[in-house]
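Heads up, the thing below is written out as structure tokens.
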Amino acid sequence: MSTSFYGPLDPAPDAGWTDAPPRKGFFTDTSICIGCKACEVACKEWNAVPDDGFTLLGSSYDNTGALGASTWRHVAFIEQSPASDVLNRVGDSALTGDRNALGTDTTKVDLGMPSFDLPGMAVGADGRTDFRWLMASDVCKHCTHAGCLDVCPTGALFRTEFGTVVVQDDICNGCGYCVPACPFGVIDRRVGEKGVTKNEGIAQKCTLCYDRIGDGLTPACAKACPTTSIQFGDLDELRERAEQRVEAMHAQGISSARLYGEDPTDGVGGVGAFFLLLDEPEVYGLPPDPVVTTRDLPEMWRKAGLAALAMLAGAVAAFAGGGR
Amino acid sequence: MSGEPGTRRRKGGGGREHGEQPMVPPAEFTSYYGRPVVKASPWEHDIPAYLFMGGVAAGSSLLSAGADLTDRPVLRRTGRIGALVGLTLSMLALVKDLGRPERFHHMLRVAKPTSPMSVGTWILTLYGPFAGLAGTAELLPPRLRRTLPGRLLGWSARPAGLTAAVVAPAVASYTAVLLTNTATPTWHAAHRHLPFVFVGSASAASGGLGLLAAPLSEASPARRLAVAGAVLELAVERHMEAGMGITAEPLHDGHAGTLMRASKALTAAGAVGAVLGRRSRLLSAVSGAALMAGSACLRFGVFEAGQASARDPRYTVVPQRERVEQHGRTRSV
Ligand code: SF4
């Protein structure tokens, strides 16, 4: 039993599907993401996902914040530049009275704001700064070993024939257990107005457009992505394509390119929706080494059994001691 | 906003406020605008309240069964009623905490060993009716006891109480797995020890209830269970924290830290009082109350520490980074 809790496997047949189609998934190549958020919008439109608030978060162009019950695609924006360090230093020296550094020489500080030119055009290759803008469209990973699915006590979360993980809205009773069980912080219970907000009180997340792929269509986000940063297809094929892409990038000298979640021997058995990243996972808000906690469940049950026996023995001893 | 994207930030080690040595050197880590990596459970205070009341119910069933067999009527009555009340309040809390309370019975659709909540549902389904029967028998007004249903209930009280007692330890220990089988850093890091801490806490609290309600002439089994439970809880909790690395910090910081300190003080004082109060009804009762309060603080403290650990990306990222640096990325084969 413990082997199907952990380690590489094909999840749909493991869940009892016979004649399952090839496992489906996403390959999100963040190196070609332009941060247009078409995926976020298309997902909301197709799946009729309610709004997730209209606040400005002050984190670059990201005002969505994180994945959640009403955010099934989330585009992260990371501004990396020695310039932000320069700015900090400018601020520090302003406080200590070094007026010279106070932004009088503005060419030193390039915030990387959008312009009508191509990046670096105005200054030429030599004048380009080290500024870099990372963008990544995050989504439910559709884990091979999905913590959310393992702990679901109603069977509302289930494994589809495509190897994906989907919530049945009419079964979920909103116990909320899947929320802390997900090692990626993806799934959440929808907060809203009772009787008004769709699926209020119920766990919600990406379905990999179960309704669309069942009809041979591409999921809404992948369909809308104008740069093919989000690619949908058979997982085997996507993994091959991703390998080639990383090799090509390494050959071009982009050594920071790496795959995330593609390895079937990792702590969650590999994921169905994996990524090409340009920095460490935690920079994008992803866990660096996720492990499904079900791996440790046999040990946990053993310890709980021992503890229960200890309590029973303690109670027997308390009476066996005699006396009043 | 702490934790600039893509920049390394430094933060001190644990126990900062109360002059302890940091448990590990301050670790550098990166986060996305300081936002959490994993999500904290959406559970409210119903859940730690349930952990406490379920523990009281479980221990009380054990005590009442023993009292029944050794002819201690007040302790038996206290235990059975305590279990009934604890069970009823537990059920109400569990249903109330659901996003869709009217669908609580969907829990009975499946039985899944991978879901501690499903296992717990079935443990409670087994335990509840028997504990309920024994408790109801105690509460039956004398007038009704002579009727046929009343007599049947009276006869069934002992077998029901004994059956409940056999299942009761599982009620007390599974709740630890409920918390530890999550990606919540402080809960999961406690997975080897928390079941022992929780059964200790349940024993201390239910023994405390016995001390509070039973006369000195009947209380000694409750006293022994309470003291043994308190010692187990305090000792294993200490050991547990020592092995948790930085994920032990939330057990010391903030509101959770206050609760944990209160729990330790109340439990230790209650245990000492229970030992010294063998001949004093008053001291026994006060100690019993302290033990119950200590158990409640422990449940709320552990719950809140976990919630806090999920909200701070440090507790997710740093242990994983350390693991990768020491052993490489986790591989199943
Ligand atoms: S990423 Fe989280 S929500 Fe998605 S399948 Fe894995 S455990 Fe479930």
Side-chain angles (χ1 to χ4, degrees), chain A residues 5-8 58-59 65-66 76 78-80 84 147 150-155 171 173-177 179-183 185 188-189 201-202 265-267 269 279-280 282-285 287-289 291 293-294 296-297 300-301 303-304 307-308 310-312 314-315 318-319 321 323-324, chain B residues 5-6 30-33 35-43 62 66 70 98-100 103-104 106-107 109-110 114-115 117-118 121 169-170 172-174 176-177 180-184 188 191-192 195-196 199 203 217-218 220-221 224-225 228 310 316-317 320-321 323-324 329-333:
Chain A
F5 286 173
Y6 191 57
S59 44
I78 299 121
E79 297 173 20
Q80 288 181 332
S84 49
D150 283 345
V151 303
C152 175
T154 63
I171 303 294
N173 65 8
C175 78
Y177 201 4
V179 179
C182 169
D188 206 354
R189 198 158 79 176
I202 285 173
T265 68
D266 72 12
D279 204 335
E280 299 295 349
E282 58 265 40
V283 170
Y284 299 85
D289 188 35
V291 175
T293 57
T294 321
D296 304 322
L297 195 58
M300 289 189 252
W301 282 135
K303 290 280 154 65
M311 187 177 182
L312 191 63
F319 282 95
R324 281 278 139 176
Chain B
T30 316
S31 76
Y32 183 68
Y33 299 100
R35 288 183 195 144
V37 174
V38 294
K39 284 200 164 42
S41 83
W43 300 332
L62 283 168
T70 59
L98 296 175
R100 289 289 176 97
R103 293 186 183 173
F104 74 93
H106 288 196
M107 298 276 188
R109 292 177 73 243
V110 292
T114 59
S115 169
M117 196 181 283
S118 175
T121 300
S173 75
Y174 98 85
V177 186
T180 58
N181 190 33
T182 58
T184 297
H188 186 67
H191 75 265
R192 283 185 194 88
F196 297 97
V199 298
S203 303
S217 62
E218 292 188 16
S220 62
R224 287 191 208 113
L225 186 67
T316 303
V317 173
Q320 292 189 17
R321 263 288 151 226
R323 192 162 74 207
V324 172
R329 269 192 326 126
T330 300
R331 291 178 66 90
S332 58
V333 283

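Worth saying up front: this structure is predicted, and the values here are computed from it rather than measured. Quick note on labels: first sequence line is chain A, next is B, and so on, each numbered from 1.
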Can you tell me how far [atom2] of [Y] sits from [atom1] of [X], rounded to the nearest 0.5 angstrom?
X        : Y        : atom1 : atom2 : answer
B:Thr114 : A:Trp301 : OG1   : CH2   : 9.5 Å
A:Asp266 : B:Ser332 : CG    : OG    : 7.5 Å
A:Asn173 : B:His106 : CG    : NE2   : 7.0 Å
B:Ser31  : A:Tyr284 : OG    : OH    : 14.5 Å
A:Tyr6   : B:Thr330 : OH    : OG1   : 5.5 Å

Task: Residue part contacting chain B, namely of A:Ile171, when any heavy atom lies under 4.5 Å - done: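 It is both, since atoms from each part get that close.
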TODO: Pick one of side chain, backbone, both or neither for A:Cys182, based on which atoms fall under 4.5 Å of a heavy atom in chain B.
DONE: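 Answer is backbone: N, CA, C or O of A:Cys182 sit under 4.5 Å from chain B.
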Open item on the list: According to ring-ring contact (aromatic ring centres under 6.0 Å, His included), who are the partners of B:Trp43, at least two apart in sequence or on a separate chain?
Closed with: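 In terms of ring-ring contact (aromatic ring centres under 6.0 Å, His included), with neighbours along the sequence ignored, B:Trp43 is linked to A:Tyr177.
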State, to 0.1 Å, how close [X] and [Y] come at their nearest heavy-atom pair, and which atoms those are.
X        : Y        : answer
A:Met311 : B:Ala172 : SD-CB, 3.6 Å
B:Arg329 : A:Pro288 : CD-O, 4.5 Å
A:Ala308 : B:Val199 : N-CG1, 4.4 Å
A:Ala307 : B:Ser173 : CB-CB, 4.2 Å
A:Pro183 : B:Val38  : O-CG1, 3.5 Å
B:Arg192 : A:Lys303 : O-CD, 3.5 Å

Open item on the list: Is it the case that the side chains of A:Thr154 and B:Arg103 hold a donor-acceptor pair, with the cut-off being a distance below 3.5 Å and no angle test?
Closed with: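 Note: B:Arg103 and A:Thr154 side chains miss the donor-acceptor criterion.
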Toward chain A, the part of [X] with a non-hydrogen atom under 4.5 Å:
X        : value
B:Arg109 : side chain
B:Ala40  : backbone
B:Thr121 : neither
B:Ala228 : neither

- [ ] Determine yes or no for a side-chain-to-main-chain donor-acceptor pair under 3.5 angstrom, with B:Arg100 supplying the side chain and A:Ile202 the backbone.
- [x]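 No; judged by distance alone, with no hydrogens or angles, the pair does not exist.
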Who among [options] has the most heavy-atom pairs with chain B under 4.5 Å?
options                                : answer
A:Gly314, A:Ala310, A:Pro287           : A:Pro287
A:Ser59, A:Cys175, A:Gly58             : A:Ser59
A:Gly267, A:Gly269, A:Ala66, A:Cys152  : A:Cys152
A:Gly201, A:Gly185, A:Pro180, A:Gly147 : A:Pro180

Open item on the list: I need the single residue from B:Thr316, B:Val37, B:Val317 that forms a side-chain contact (heavy atoms from CB on, under 4.5 Å) with A:Glu282. Which is it?
Closed with: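 Filter result, single survivor: B:Val317.
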Task: B:Ser41 side chain near A:Val179 side chain, heavy-atom distance below 4.5 Å - done: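 Side chain of B:Ser41 against side chain of A:Val179, heavy atoms only: no contact under 4.5 Å found.
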TODO: Determine, step by step, whether B:Thr182 and A:Thr293 satisfy the side chain to side chain contact (heavy atoms under 4.5 Å, CB included) criterion, reporting the C-alpha distance in whole Å, the side-chain angles of both residues, the deciding distance to 0.1 Å, and the verdict.
DONE: CA-CA 6 Å; B:Thr182 58; A:Thr293 57; 5.5 Å; no
TODO: Answer yes or no: is there an ion pair linking A:Asp289 with B:Arg323, defined by an N-O contact shorter than 4.0 Å?
DONE: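 So A:Asp289 pairs with B:Arg323 through a salt bridge.
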